[in-house]
Amino acid sequence: MSLDIKKFSDVLRMHKVSVTASRMKIFETLLQAERPLTNSEIVKRTPTVDRASVYRNLELFAELGITETMLRGWTPLTELAEPFRAHHHHMTCESCGRMIEIEDHELEEVLGSIVARHNFKLTKHLVELTGLCAQCQVS
């Protein structure tokens with residue numbers, strides 16, 4: 001059993017939620033994803049789990065902090081949260097839709113400085129940048 005699967009199982013058990021084959025399949029789909037996925041993409045990539053179960057379990061995963069959801073326009077995108085993925089942010093090209101993950105310690109330091117200056121206790125944050133990728137700038 002991989003470390004991520006064990007962590008996932010531990011989170012479910014800690015919240016007194018059963019570890020089911022459907023939940024494992026959905027988690028594995030998210031674990032293998034190279035980018036955040038729409039709900040319909042998760043359904044397509046998890047053909048052995050019915051659509052309603054996928055949607056119900058995605059809601060459960062979000063409640064338990066297993067996943068994070070971000071919006072691209074009106075479309076929710078889901079990806080694994082910490083501790084299953086390293087903390088990161090995204091840049092999205094508004095022309096081609098390409099999404100680039102960014103991990104930037106300087107950005108985290110700036111955010112830390114801002115919240116400290118305002119005596120604010122940060123519990124979670126999400127930074128999404130939208131613009132044009134290098135390829136779309138040339139076209």
Side-chain angles (χ1 to χ4, degrees):
M1 179 183 299
S2 81
L3 186 57
D4 287 323
I5 301 264
K6 180 174 178 355
K7 278 191 248 179
F8 172 68
S9 299
D10 290 346
V11 169
L12 293 179
R13 287 187 186 104
M14 181 176 70
H15 289 91
K16 298 181 178 17
V17 175
S18 300
V19 178
T20 65
S22 295
R23 290 180 181 137
M24 291 297 262
K25 290 283 188 192
I26 296 164
F27 178 78
E28 288 170 0
T29 295
L30 293 168
L31 194 58
Q32 294 167 2
E34 64 287 346
R35 61 179 173 73
L37 302 173
T38 65
N39 291 350
S40 62
E41 288 174 318
I42 296 168
V43 168
K44 286 178 190 163
R45 292 182 184 201
T46 318
T48 59
V49 182
D50 68 89
R51 176 180 289 277
S53 291
V54 170
Y55 280 79
R56 274 194 311 273
N57 281 298
L58 289 175
E59 283 182 31
L60 173 68
F61 290 3
E63 287 172 23
L64 300 180
I66 294 168
T67 60
E68 291 181 333
T69 302
M70 67 203 76
L71 291 175
R72 183 191 298 155
W74 295 100
T75 306
L77 299 170
T78 301
E79 69 179 352
L80 292 175
E82 291 180 74
F84 304 105
R85 301 230 21 215
H87 180 74
H88 64 278
H89 303 287
H90 300 99
M91 294 187 296
T92 303
C93 179
E94 59 194 7
S95 179
C96 69
R98 181 172 173 230
M99 187 175 281
I100 303 164
E101 287 186 9
I102 50 174
E103 290 181 44
D104 191 313
H105 299 293
E106 289 178 47
L107 175 59
E108 298 302 323
E109 288 174 15
V110 168
L111 293 172
S113 175
I114 292 168
V115 298
R117 190 171 46 236
H118 294 278
N119 194 28
F120 186 81
K121 181 181 178 188
L122 186 65
T123 58
K124 183 177 170 181
H125 69 275
L126 180 66
V127 176
E128 299 295 320
L129 305 173
T130 305
L132 294 173
C133 70
Q135 291 175 331
C136 290
Q137 290 176 50
V138 174
S139 335

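Since the model is a prediction, treat every value here as computed from it, not as a measurement.
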Check your understanding: So with a 6.0 Å cut-off around CD of Q135, is the heavy-atom count from everything else above 12?
Key -> no
Review point. Donor-acceptor pair, Q137 side chain versus L132 backbone, under 3.5 Å?
Key: yes
Point to revise | From SG (C133) to CD (E94), nearest 0.5 Å | key: 10.5 Å
Check your understanding: Between CG of L31 and CZ of F84, what distance do you get to the nearest 0.5 Å?
Key -> 9.0 Å
Review point. Transitively linked via ILVMFWY side-chain contacts under 4.5 Å: V127 with I102?
Key: yes
Exercise for review: Let me see the working for I66 and L12 under side-chain contact (heavy atoms from CB on, under 4.5 Å), right down to the final yes or no.
Suggested key: CA-CA 9 Å; I66 294 168; L12 293 179; 4.1 Å; yes
Review point. From T130 OG1 over to M99 CE, what is the distance, rounded to the nearest 0.5 angstrom?
Key: 8.5 Å
Check your understanding: Does the side chain of H125 come within less than 4.5 Å of H89's, by heavy atoms?
Key -> yes
Check your understanding: For the residue pair P36 and E79, what are the closest heavy atoms and their distance?
Key -> CG-OE1, 3.4 Å
Revision key, fill the gap. When every non-hydrogen atom of R98 is compared with those of I100, the smallest separation belongs to NH1-CD1, 3.8 Å
Review point. Of the non-hydrogen atoms in F27 and F61, which two are nearest, and what is the gap between them?
Key: N-CE2, 4.1 Å
Check your understanding: Donor-acceptor pair, K7 side chain versus P83 backbone, under 3.5 Å?
Key -> yes
Point to revise | Side chains of E128 and H90, donor plus acceptor under 3.5 Å | key: yes
**Study point:** Inter-residue atom distance D4.CG - L80.CG, 0.5 Å rounding
**Key:** 8.0 Å
**Study point:** Inter-residue atom distance L30.CG - I42.CD1, 0.5 Å rounding
**Key:** 4.5 Å
Exercise for review: Mind running side-chain contact (heavy atoms from CB on, under 4.5 Å) on L37 and T78 for me, showing each step along the way?
Suggested key: CA-CA 5 Å; L37 302 173; T78 301; 5.8 Å; no
Check your understanding: Honestly curious: do L107 and L129 fall in one hydrophobic cluster under the side-chain, below-4.5 Å linking rule?
Key -> yes
**Study point:** Derivation of the side-chain contact (heavy atoms from CB on, under 4.5 Å) call for S18 and R23
**Key:** CA-CA 9 Å; S18 300; R23 290 180 181 137; 3.9 Å; yes
Review point. Going only through I, L, V, M, F, W and Y residues with side-chain contacts under 4.5 Å, is there a path from V19 to V49?
Key: yes
Review point. Please walk me through it: do S53 and S22 pass side-chain hydrogen bond (donor to acceptor under 3.5 Å, both in side chains)?
Key: CA-CA 8 Å; S53 291; S22 295; 5.2 Å; no
Point to revise | E106, CD: over 12 other non-hydrogen atoms inside 6.0 angstrom | key: no
Exercise for review: Flag the pair I26 / V54 as yes when at least one side-chain heavy-atom distance between them is below 4.5 Å, and no otherwise.
Suggested key: yes
Review point. So if you build clusters from Ile, Leu, Val, Met, Phe, Trp, Tyr with side-chain heavy-atom gaps below 4.5 Å, do V110 and M91 land together?
Key: no
Exercise for review: To the nearest 0.5 angstrom, please state how far the CZ atom of R35 sits from the CD atom of E101.
Suggested key: 11.5 Å
**Study point:** Shared hydrophobic cluster, L60 / Y55 (ILVMFWY, side-chain heavy atoms < 4.5 Å)
**Key:** yes
Point to revise | Taking every non-hydrogen atom, the tightest pair across A81 and E68 | key: CB-CG, 3.5 Å
Exercise for review: Evaluate the side-chain contact (heavy atoms from CB on, under 4.5 Å) criterion for residues L77 and T38: first the C-alpha distance (whole Å), next the side-chain angles of each, then the deciding distance (0.1 Å), finally the verdict.
Suggested key: CA-CA 5 Å; L77 299 170; T38 65; 3.5 Å; yes
**Study point:** Minimum heavy-atom distance T67-L58, with the two atoms named
**Key:** OG1-O, 4.1 Å
Review point. Distance-only, no hydrogens or angles: does the S9 side chain make a donor-acceptor pair with backbone N or O of I5 under 3.5 Å?
Key: yes
